[in-house]
Amino acid sequence: MSLKPPVGVQRLPRGPDPNSRGFDRSSPRFIALCPTSIPSSASTGPGIEEEQRVRSELRERFLRTLLMMTDKPVQFNMYEKVQVPARFGASDIDILNFQVSDLETPLGVQKEALLWCQDVISCSFEL
Amino acid sequence: MAMRQTPLTCSGHTRPVVDLAFSGITPYGYFLISACKDGKPMMRQGDTGDWIGTFLGHKGAVWGATLNNEATKAATAAADFTAKVWDAVTGDEVLTLAHKHIVKSVNFTQDSKCLLTGGNDKMLRIFDLSKPEADPQEIAGHTSAIKKALWCNNDQQILSAAEDKTIRLWDKNTTEAVKTLSFETSVSSMEYIPDGEILVITYGRTIAFYKAHSLDLIKTVDAPASIHSASLHPEKDYFVAGGDDFKLYKYDYSTKEEIESYKGHFGPVHCVRFSPDGELYASGSEDGTLRLWQTAVGKTYGLWKCVLPEELTSENSEALYCPQPEIKA
C-alpha cells in the first residue's frame, strides 16, 4: 500500500509481429548496415540499376517456381543424406517452412508435414 | 518527490526466459537478446524493450544468448546440441556449430572473431568464425556440465562455471587452468565486468564479487532468498539481484545495504543485467517475460516519463499511459 505515485510511461514496449520474424528492412539500422550484398562494380548509377533488375528477375523466377511446384510431386534433398518425395503445398512468407503432403519417409508416409527450409539443400520436380 | 517503480513488461516469449544479454552502445542505441525455452530467442531495442526480431531456426530450448558489442552478430546456445551465429541486422542464421550435447553458454571475443561455447559435454570450445569448417580448440577439465563460459582479461583468459561446483580460470593459449575456485554449491550465475576486472558470482543466497585476474574475493552479500542472477552497475555504485522469491533486489555496492526490492514477476527471476549505460536493468523470469527496471526511478528515459503533478492537468500534456498498480501485459 504505497502512497508514492507510479512513474508514468509513454506506452508499453512493442511486442512481436505475429506475421513476421521482424528485422524491419526499412529501419535506419538495416539500411545503413545492409547495402546490397553483392557489390556491383559501380557504386552508383547503371551498375546498381542493372543489379536490381537482375535481382527482381531472379526473385520473380523463384516465386513463380514455388507457384509451379504447388500440388506437384517434388523430390527434396536434405542434410544427413535424406531424400524424400512429397507433394508440395505452399511456403510461408519468410521461406522458412514448406507445407507438404504425403511425405514418404523411411518410417512411412506422413500425410501432412512441415519441412524446415533450412534443412533442405535442393528440390526438384517435373514441369 | 519519491515515485514508485513502473517496470516495463516485454511479452512475446511463451516459456521461461533463462538468459539475456545487452550489446554495447552503438550508433543506433543498444540492444538486448533473450534466450528462452520456447527455442525462439528475441532481439529488442535496449532502452525501450521494443521487439526487433526473432531468430528462428533452433529446434530446442535456447539456454544462452549473446550479442557482439556492435550488435551486428548474435550467438545462441541450445538444447538441440548446436550453437548458432546469426546476423543481428537481418536475423538470418549465419552458422550452425554442432556439439555433442546441450550447449548452455556462448560468448564472443571483443573483436567478434572467435566464439566460446560451453555445455553439458563438459568441454569448452573456441571457434574461429573466419574458419567455421575447422575444428574448434577444445579445453577439457570440468567434471560436470558447464553452465557459463566467458572471455576475460582482454580475451586472453576464459572463466567457466560448472555443475562440478567450481569456477575455473583458463589461459587461452596453454589451455591450462590457471586458478580454480570451489564452492559448497553450484554457482547459479556469473558476470564479468571488464572495466575494473570484476567477476560477479551468485550461489545459494549469496552474491559474491571477485577480482577477475586473481580470483581474490572482494566481498559477499547475502540476500533474503536464493539468488539466480546478479549484475553490477557500470559505475559500480549499485548491484541488482533476483531469484526464487520473484523479486528484484537493489543494493548499494559500497555499503552492501539493500536499498529497495521490487515485485513484478510472476515466477522466479532467472537472469538480470544492467544496460551498458546503467540507466536500466532487465530481468528474465520463469513467467516468460522480460521486465525493464529504472535505475533512477522517476527519471525520464526510454519509455518512462517523469510527470510533474501540474502536467497531469495541463492542456498541453502529451497522451500519457499512467499504469494501475498491477500491470498485466
Side-chain angles (χ1 to χ4, degrees), chain A residues 1-39 55 58-59 62 76 78-82 91-99 103 105 110 113-121, chain B residues 1-6 8-13 26-29 31 40 42-45 48-57 59 70-72 87-93 96 290 292 294 297-300 302-307 309 311-312 318-325 327 329:
Chain A
M1 287 298 169
S2 174
L3 295 171
K4 293 187 283 189
V7 179
V9 156
Q10 283 175 44
R11 57 169 174 82
L12 295 178
R14 292 188 199 110
D17 174 355
N19 299 317
S20 110
R21 64 186 175 109
F23 298 102
D24 180 13
R25 282 158 196 263
S26 59
S27 73
R29 192 172 93 111
F30 191 101
I31 291 166
L33 297 178
C34 289
T36 49
S37 50
I38 304 166
R55 280 174 172 275
L58 286 170
R59 179 67 177 176
F62 174 67
F76 292 94
M78 305 174 74
Y79 285 96
E80 304 291 338
K81 301 191 175 69
V82 171
S91 170
D92 65 0
I93 196 155
D94 285 314
I95 323 288
L96 287 171
N97 297 288
F98 284 163
Q99 180 245 319
L103 176 72
T105 80
Q110 192 68 35
L114 276 182
L115 296 178
W116 285 79
C117 291
Q118 283 160 330
D119 289 345
V120 177
I121 299 171
Chain B
M1 173 181 60
M3 302 196 78
R4 191 151 37 97
Q5 168 91 262
T6 304
L8 292 170
T9 301
C10 306
S11 57
H13 284 306
T26 81
Y28 304 93
F31 300 87
K40 298 179 184 151
M42 290 187 179
M43 184 165 168
R44 296 176 185 272
Q45 191 72 42
T48 59
D50 288 338
W51 175 79
I52 288 177
T54 304
F55 298 101
L56 297 176
K59 293 179 193 155
E70 301 78 30
T72 51
D87 181 319
V89 183
T90 63
D92 293 336
E93 183 184 318
T96 295
L290 273 115
L292 303 181
Q294 284 191 287
V297 178
K299 186 174 175 185
T300 295
L303 297 177
W304 291 287
K305 192 168 162 84
C306 175
V307 179
E311 287 181 3
L312 284 169
E318 298 155 24
L320 268 183
Y321 177 84
C322 281
Q324 299 309 305
I327 303 173

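First the proteins, then the strands, lettered A, B, ... as listed; each starts at 1.
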Determine the option with the most heavy-atom pairs under 4.5 angstrom with chain A, choosing from [options].
options: B:E93, B:Q294, B:M42, B:K59; result: B:K59
options: B:G302, B:G298, B:G57, B:G12; result: B:G57
options: B:T90, B:L56, B:I52; result: B:T90
options: B:L292, B:T96, B:D92; result: B:D92

Determine the option with the most heavy-atom pairs under 4.5 angstrom with chain B, choosing from A:G15, A:C117, A:P16.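 Of the candidates given, the most pairs with chain B belong to A:P16.
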What part of A:D17 gets within 4.5 angstrom of chain B, counting heavy atoms only: side chain, backbone, both, or neither?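 It is both, since atoms from each part get that close.
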For side-chain contact (heavy atoms from CB on, under 4.5 Å), just list the numbers for A:W116 and A:F98, CA-CA rounded to whole Å, side-chain angles, deciding distance to a tenth of an Å, and then say yes or no. CA-CA 7 Å; A:W116 285 79; A:F98 284 163; over 6 Å; no
Would you say the side chain of [Y] lies within less than 4.5 Å of the side chain of [X], judging by non-hydrogen atoms?
X: B:M43; Y: B:F55; result: yes
X: B:T48; Y: A:P13; result: no
X: A:F23; Y: B:T54; result: no

Under a 4.0 Å N-O cut-off, is there an ion pair linking A:D92 with A:R21?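 No, this pair does not count.
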Walk me through it: do B:K299 and B:W304 pass the test side-chain contact (heavy atoms from CB on, under 4.5 Å)? CA-CA 7 Å; B:K299 186 174 175 185; B:W304 291 287; over 6 Å; no
Taking side chain as everything from C-beta outward and backbone as N, CA, C, O, which of these in B:K40 sits under 4.5 Å from a heavy atom of chain A? Side chain, backbone, both or neither.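 Neither part.
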Can you tell which part of B:Q45 gets under 4.5 Å to a heavy atom of chain A, answering side chain, backbone, both or neither?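 No part of it gets close to chain A.
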